[in-house]
Amino acid sequence: MKKLFTSLAVLASVSVVQQASAFDKGDIIARVGAVNVNPNDSSSNINVGGSDLGIDVSVDDDTQLGLNFAYFLTDRVNLEVLAATPFTHDVDFGVTDPLGTGTQLGEVTHLPPTISINYYFNDPASAFQPYVGLGVNYTVFFDEEFTGANEAAGLDDLSLDDSFGLAAQLGLDYMLNDKWFLNGSIRYIDIDTEASFRLNGTKGEVRKIEIDPLVSMISVGYRF
Ligand code: NI
């Protein structure tokens, strides 16, 4: 009987130790969920052959499958990589149908991998584990294309420059048990690019496109 109590006491102390810390140095976590990229965009005007058309462009939002991995460098600090399936954004003229080709100018696809260092500041015993993070983003644009109507009007060769910028985030892990947790995060990413194209062979550009999105993610996480 005494042996049983001793075993129970050992078990209890083990589970207390396990609950005492949400994350530990050396932990690897993975999160999977939905991630939305919502631009706070602004741009300079479309310029063709040196003349300003007086029309800017806008970029709409998109939601994709988000994946997120982090490695704990200490009990409170992790290094995190945000990845996702490619985002496709409609690019619209800043005014309604200015060229008689519809309001949509085209679409672009991009991947915005982001690496962040995050700091957890709450009591490690709490189920609520908020964190703040700072990181860098590299956004690669591809499959840039004009709509059929704009191509028929003579627009082609659309290309957007890659972007390198800072990212900042706030997030919360809610521990369901020792392994599983829920996560919500919102981050700001500085994404700026420049577009080039041709209109009937004449070179055109939009020199400054600020996309600067809020990127929000809701996910389920697992601690390995
Ligand atoms: Ni910016």
S.K.: Between CD1 of Ile209 and CD1 of Ile46, what distance do you get to the nearest 0.5 Å?
M.R.: 9.0 Å

S.K.: Supply the atom-to-atom distance Phe69 CZ to Leu79 CG, rounded to the nearest 0.5 angstrom.
M.R.: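 Between atom CZ of Phe69 and atom CG of Leu79 there are 13.0 Å.
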
S.K.: Checking the side chain of Ser51 only, and the main-chain atoms of Val48 only, is there a donor and an acceptor separated by less than 3.5 Å?
M.R.: yes

S.K.: Please say yes or no: joined through hydrophobic side-chain contacts below 4.5 Å, possibly via intermediate residues, are Phe128 and Trp180 part of one cluster?
M.R.: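 Yes.
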
S.K.: Check step by step if side-chain contact (heavy atoms from CB on, under 4.5 Å) holds for Asn38 and Asp62.
M.R.: CA-CA 7 Å; Asn38 192 9; Asp62 192 32; over 6 Å; no

S.K.: Determine yes or no for a side-chain-to-main-chain donor-acceptor pair under 3.5 angstrom, with Thr103 supplying the side chain and Asp97 the backbone.
M.R.: yes

S.K.: Any side-chain donor-acceptor pair under 3.5 Å between Thr139 and Asn137?
M.R.: yes

S.K.: Tell me whether the rings of Phe224 and Tyr222 are parallel (<30°), tilted (30 to 60°) or perpendicular (>60°).
M.R.: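 If you compare the ring of Phe224 with that of Tyr222, the planes turn out perpendicular.
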
S.K.: For the pair Asp24 and Arg223, find out whether any cationic side-chain nitrogen is under 4.0 Å from an anionic carboxylate oxygen.
M.R.: yes

S.K.: Just by distance, no angles: are the side chains of Tyr131 and Asp173 close enough, under 3.5 Å, to form a donor-acceptor pair?
M.R.: no

S.K.: Counting neighbours of OH on Tyr174 that are heavy atoms of other residues, nucleotides or ligands and sit closer than 6.0 Å, is the number greater than 12?
M.R.: no

S.K.: Ring-plane angle category for Phe141 and His110, please: parallel below 30°, perpendicular beyond 60°, tilted otherwise.
M.R.: tilted

S.K.: Indicate whether the side chain of Asn40 and that of Asp212 have a donor and an acceptor atom separated by less than 3.5 Å.
M.R.: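 No, no side-chain donor-acceptor contact under 3.5 Å.
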
S.K.: Quick one: are Asp61 and Asn36 in side-chain contact, heavy atoms under 4.5 Å?
M.R.: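 Counting from C-beta outward, Asp61 and Asn36 do come under 4.5 Å.
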
S.K.: Which heavy-atom pair separates Ser58 from Phe93 by the least distance, and what is that distance?
M.R.: OG-O, 4.3 Å

S.K.: Are Leu67 and Ile28 joined in one hydrophobic group, where the rule is that I, L, V, M, F, W and Y side chains link up if heavy atoms are under 4.5 Å apart?
M.R.: no

S.K.: With no hydrogens and no angle check, is any side-chain donor or acceptor of Ser44 less than 3.5 Å from a backbone partner on Lys208?
M.R.: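 Present.
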
S.K.: Could you walk me through whether Val136 and Leu166 pass side-chain contact (heavy atoms from CB on, under 4.5 Å), step by step?
M.R.: CA-CA 5 Å; Val136 289; Leu166 287 179; 4.1 Å; yes

S.K.: If hydrophobic clusters are built from ILVMFWY residues whose side chains come within less than 4.5 Å, do Ile218 and Val215 share one?
M.R.: no

S.K.: Apply side-chain contact (heavy atoms from CB on, under 4.5 Å) to the pair Thr193 and Ile211, showing each step before the final yes or no.
M.R.: CA-CA 8 Å; Thr193 184; Ile211 299 175; 4.1 Å; yes

S.K.: Which heavy atom of Met175 sits nearest to which heavy atom of Ser126, and what is that distance?
M.R.: CG-O, 4.4 Å

S.K.: Please tell me whether Thr147 and Asn150 have a donor and an acceptor in their side chains that are separated by less than 3.5 angstrom.
M.R.: yes

S.K.: State whether a side-chain donor-acceptor pair under 3.5 Å links Ser42 with Glu210.
M.R.: no

S.K.: Do you see a donor-acceptor pair shorter than 3.5 Å between the side chains of Asn47 and Asp52?
M.R.: no

S.K.: Write down the atom of Arg31, the atom of Asn183, and the distance for their closest heavy-atom approach.
M.R.: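 Looking at all heavy atoms of both residues, the shortest contact is NE-ND2, 3.3 Å.
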
S.K.: I want to check something: taking the side chain as every heavy atom from C-beta on, are Ile117 and Leu73 in contact at a cut-off of under 4.5 Å?
M.R.: yes

S.K.: Got a donor-acceptor contact below 3.5 angstrom from the Ser43 side chain to the Val57 backbone?
M.R.: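 Looks like yes, one N/O pair under 3.5 Å.
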
S.K.: For the residue pair Phe72 and Tyr120, establish whether any side-chain heavy-atom pair is separated by less than 4.5 Å.
M.R.: yes

S.K.: For Glu205 and Ala195, indicate whether the former's side chain and the latter's backbone hold a donor-acceptor pair under 3.5 Å.
M.R.: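 No; judged by distance alone, with no hydrogens or angles, the pair does not exist.
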
S.K.: Tell me yes or no: between the side chains of Asn118 and Asn78, is some donor less than 3.5 Å from an acceptor?
M.R.: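 Indeed, the side chains of Asn118 and Asn78 share at least one donor-acceptor pair under 3.5 Å.
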
S.K.: Counting neighbours of CG on Leu176 that are heavy atoms of other residues, nucleotides or ligands and sit closer than 6.0 Å, is the number greater than 12?
M.R.: yes

S.K.: Just how far is it from atom OH of Tyr188 to atom OG of Ser216, taken to the nearest 0.5 Å?
M.R.: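 Nearest 0.5 Å value for the OH-OG distance: 15.0 Å.
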
S.K.: Any chance you could measure Asp90, atom CG, to Leu105, atom CG, to the nearest 0.5 Å?
M.R.: 10.5 Å

S.K.: Quick check for you: to the nearest 0.5 Å, what is the distance between Asn200 atom CG and Leu155 atom CG?
M.R.: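 Atom-to-atom, Asn200:CG and Leu155:CG are 7.5 Å apart.
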
S.K.: Test of understanding: clusters of I, L, V, M, F, W, Y form through side-chain heavy atoms closer than 4.5 Å, transitively. Do Val81 and Val220 belong to the same one?
M.R.: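 Yes, Val81 connects to Val220 through the hydrophobic network.
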
S.K.: Before you tell me yes or no, could you show the steps for Met217 and Asn68 under side-chain contact (heavy atoms from CB on, under 4.5 Å), namely the whole-Å CA-CA distance, both residues' side-chain angles and the distance that decides it to 0.1 Å?
M.R.: CA-CA 10 Å; Met217 181 164 174; Asn68 181 319; 4.1 Å; yes

S.K.: In Å, rounded to the nearest 0.5 Å, how long is the span from CG of Leu134 to OG of Ser116?
M.R.: 7.5 Å

S.K.: Going by heavy atoms in the side chains, are Val32 and Leu65 under 4.5 Å from each other?
M.R.: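 Yes, close enough: below the 4.5 Å cut-off.
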
S.K.: Would you check if Phe87 and Pro112 make a side-chain contact, meaning some heavy-atom pair closer than 4.5 Å?
M.R.: yes

S.K.: List the atom of Leu158, the atom of Phe197, and the distance in Å for their closest heavy-atom pair.
M.R.: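 Smallest interatomic distance, heavy atoms only, reads CA-CB, 4.1 Å.
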
S.K.: Cluster question for you: counting only ILVMFWY and a side-chain heavy-atom cut-off of under 4.5 Å, with indirect links fine, are Val77 and Ile115 together?
M.R.: yes

S.K.: Is it the case that Thr109 and Thr88 place a side-chain donor and acceptor less than 3.5 Å from each other?
M.R.: yes

S.K.: Evaluate the side-chain proximity of Asp190 to Phe164: yes if any heavy-atom separation is below 4.5 Å, no if none is.
M.R.: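 The answer is no; the side chains never approach within 4.5 Å.
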
S.K.: Considering only NZ, NE, NH1 and NH2 on the basic side and carboxylate oxygens on the acidic side, decide whether Asp75 and Lys25 come within less than 4.0 Å.
M.R.: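 Judged by the 4.0 Å cut-off on N to carboxylate O distance, Asp75 and Lys25 do not form a salt bridge.
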
S.K.: Check Val59 against Asp41 and note the closest heavy-atom contact, atom names and distance.
M.R.: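 Nearest heavy atoms, Val59 then Asp41: N-OD2, 2.9 Å.
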
S.K.: Is the shortest side-chain N to carboxylate O distance from Glu80 to Arg187 below 4.0 Å?
M.R.: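 A salt bridge is present here (some side-chain N lies under 4.0 Å from a carboxylate O).
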
S.K.: Is the closest side-chain heavy-atom distance between Phe142 and Leu160 below 4.5 Å?
M.R.: no

S.K.: Kindly indicate whether the side chain of Ile186, heavy atoms from C-beta on, has any atom under 4.5 Å from the side chain of Leu214.
M.R.: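 Yes, side chains in contact.
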
S.K.: Please find the pair of heavy atoms, one from Ile189 and one from Ala167, that lie closest to each other, and give the distance.
M.R.: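 Nearest heavy atoms, Ile189 then Ala167: CG1-CB, 4.0 Å.
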
